[in-house]
Amino acid sequence: MTTVRTTPATPPPRLPVRDKAGALGRGWGGVSPMLTRLAAERATGILVRERGTLHLADGKVVHAESPAAPGADVLLAAHGTLDADVWRRALAESVASTGGAGTGARRLTGAEAVHRAGRRLVAGGLLTAGALEMCRLTALYDAAYFALAPSRTPGRFRYGTEDGPDEPAVEPREPDDTPGGPRPVPVADLERETLRRRDLLHHIWPDALPDEVPLTREHRPAPPLLPARRQAVLARVDGIRTATEIARELGRPAFHTLVDVRRLVAAGVVAPRPPVSLTEPLPGPPGDGPPVEPVEPVEPVEPVEPVDPHITLLKRLRDALEAL
């Protein structure tokens, strides 16, 4: 133990005390350190992660995509708000309005194409601005939850646009009363919401296996009463569909479907389907069917891990330095 000699003229040093107000303001950054750094840089570009992508503009998130989350078009067309063909036509017109090859205009990013398609629909009176923005933010937070999930591979960031450095794209002619650009989401807000959603799912059911694998029903003598929302999810549990596929069929955000699935698992009416074993005999009375010749057991083959080219390059550099 270290002792500090003090006198009345030199009072003891103050112990470090956490600034709670400052800590509350800095209570983010643990989800993705790269995303935190890009927010501090006010970077513009696309962050590509294992389970999704985030589009940034001036350090804020303006669009998110993930294969596990339905897009804004699915959410809009699910309950009759918008016809799917109308959305696809507006999306195609927005992309075509920027010009083709040789015009000097770059190709639109996914975020720009979706935004301009929404503006066309609002300008044409087929969709309200409030409904578009609410659906866009719902899809953004939903996809960002999966894109920011823990991954086994590092993320990659492409500065500028999908096709290189920032260049002004040709803006399509639209009425003056068309609403402006989408409101960006600060990275701090996005990470806080991601952590809140993780805690919520863990509180409902701590095992994340039902989020990824096909689901099966658990037959109980007295099943509990379920609200209509959860009954719709349970009706699509067939041992084949996953939670993500059920979300797409229902036209609901994937995270909301995960909440319903975990509540069904906690209630004992749904369970993740166990993996199929190739060594166990098929069910049935012994002696049924024709005799089957014994099959020689096959030794399991270890899966070959893909080699990261970056790791290979680093190893070659290391070997070259050691040879000097």
Side-chain angles (χ1 to χ4, degrees), residues 28 30-32 34-36 38-39 43-57 59-79 81-82 84 87-88 91 94 108-118 131-158 161-162 181-201 208 210-212 233 242-262:
W28 58 284
V31 177
S32 173
M34 177 182 286
L35 182 60
T36 304
L38 294 172
T44 297
I46 302 175
L47 176 60
V48 181
R49 290 175 58 87
E50 183 178 10
R51 301 192 61 187
T53 59
L54 299 175
H55 297 243
L56 278 72
K60 296 183 179 181
V61 180
V62 295
H63 185 69
E65 298 173 350
S66 174
D73 54 336
V74 177
L75 301 181
L76 284 171
H79 306 288
T81 306
L82 186 70
W87 173 266
R88 285 192 289 267
L91 193 63
S94 299
L108 289 178
T109 64
E112 292 169 339
V114 170
H115 167 56
R116 292 185 183 181
L132 174 63
E133 183 66 8
M134 183 178 65
C135 186
R136 186 191 71 85
L137 288 176
T138 300
L140 188 152
Y141 277 101
D142 195 38
Y145 171 79
F146 295 96
L148 293 175
S151 61
R152 297 165 295 180
T153 58
R156 306 185 308 277
F157 186 73
R158 297 198 297 265
T161 62
E162 290 177 339
R183 296 180 181 179
V185 177
V187 169
D189 296 347
L190 192 65
E191 291 194 339
R192 287 194 191 99
E193 177 62 17
T194 300
L195 293 175
R196 186 194 70 83
R197 295 187 176 200
R198 290 182 187 176
D199 292 341
L200 175 61
L201 290 179
D211 302 349
E212 307 290 341
V233 175
T242 61
T244 299
E245 295 169 342
I246 293 175
R248 290 188 183 278
E249 289 192 15
L250 293 174
R252 298 177 181 176
F255 172 77
H256 297 176
T257 306
L258 293 185
V259 172
D260 292 329
V261 166
R262 292 214 191 185

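Given the structure is predicted, the values throughout are model-derived calculations rather than measurements.
Residues that satisfy the salt bridge (Lys or Arg N to Asp or Glu O under 4.0 Å) test with Arg49, not counting sequence neighbours, are absent from this structure.
By the 4.5 Å heavy-atom criterion applied to side chains, Asp189 and Tyr141 are counted as neighbours. For the pair Val31 and Arg198, the minimum side-chain heavy-atom distance is below 4.5 Å. Side-chain contact between Arg136 and His63 is absent, with no heavy-atom pair separated by less than 4.5 Å. Between Arg197 and Val259, the closest side-chain pair of non-hydrogen atoms is not below 4.5 Å. Using a 4.5 Å cut-off on side-chain heavy atoms (C-beta onward), Arg252 and Asp260 make contact.
The distance from atom CG of Leu250 to atom CG of Leu75, rounded to the nearest 0.5 Å, is 11.5 Å. For the atom pair Leu47 CG and Leu148 CG, the distance stands at 8.0 Å (nearest 0.5 Å). To the nearest 0.5 Å, the span separating CG on Leu190 from OH on Tyr145 amounts to 12.5 Å. The CG atom of Asp73 sits 9.0 Å away from the CG atom of Leu82 when rounded to the nearest 0.5 Å. Annotation: the span from Arg248 atom CZ to Thr257 atom OG1 amounts to 10.5 Å, rounded to 0.5 Å. The structure places CG of Leu54 at 11.5 Å from CE of Met34, a figure rounded to the nearest 0.5 Å.
The heavy-atom pair separating Pro184 from Pro186 by the smallest distance is O-CD, 3.8 Å. Listed here is the closest heavy atom pair of Ala64 and Leu140: CB-O, 3.6 Å. Residues Ala72 and Cys135 come closest through the heavy atom pair O-SG, 3.5 Å. Taking all atoms of both residues into account, the shortest heavy-atom contact from Ala247 to Ala254 is CB-CA, 3.8 Å. The minimum heavy-atom distance between Thr244 and Ala68, with the atom names listed, is CG2-O, 3.1 Å. The minimum heavy-atom distance between Ala43 and Leu56, with the atom names listed, is O-CB, 3.8 Å.
Judged by distance alone, the side chain of Ser66 and the main-chain N or O of Ala147 form no donor-acceptor pair under 3.5 Å.
Between Glu193 and Arg196 there is a salt bridge, since at least one side-chain N of the basic residue sits less than 4.0 Å from a carboxylate O of the acidic one. Arg152 and Glu50 are joined by a salt bridge, as a carboxylate oxygen and a charged side-chain nitrogen come within less than 4.0 angstrom of each other.
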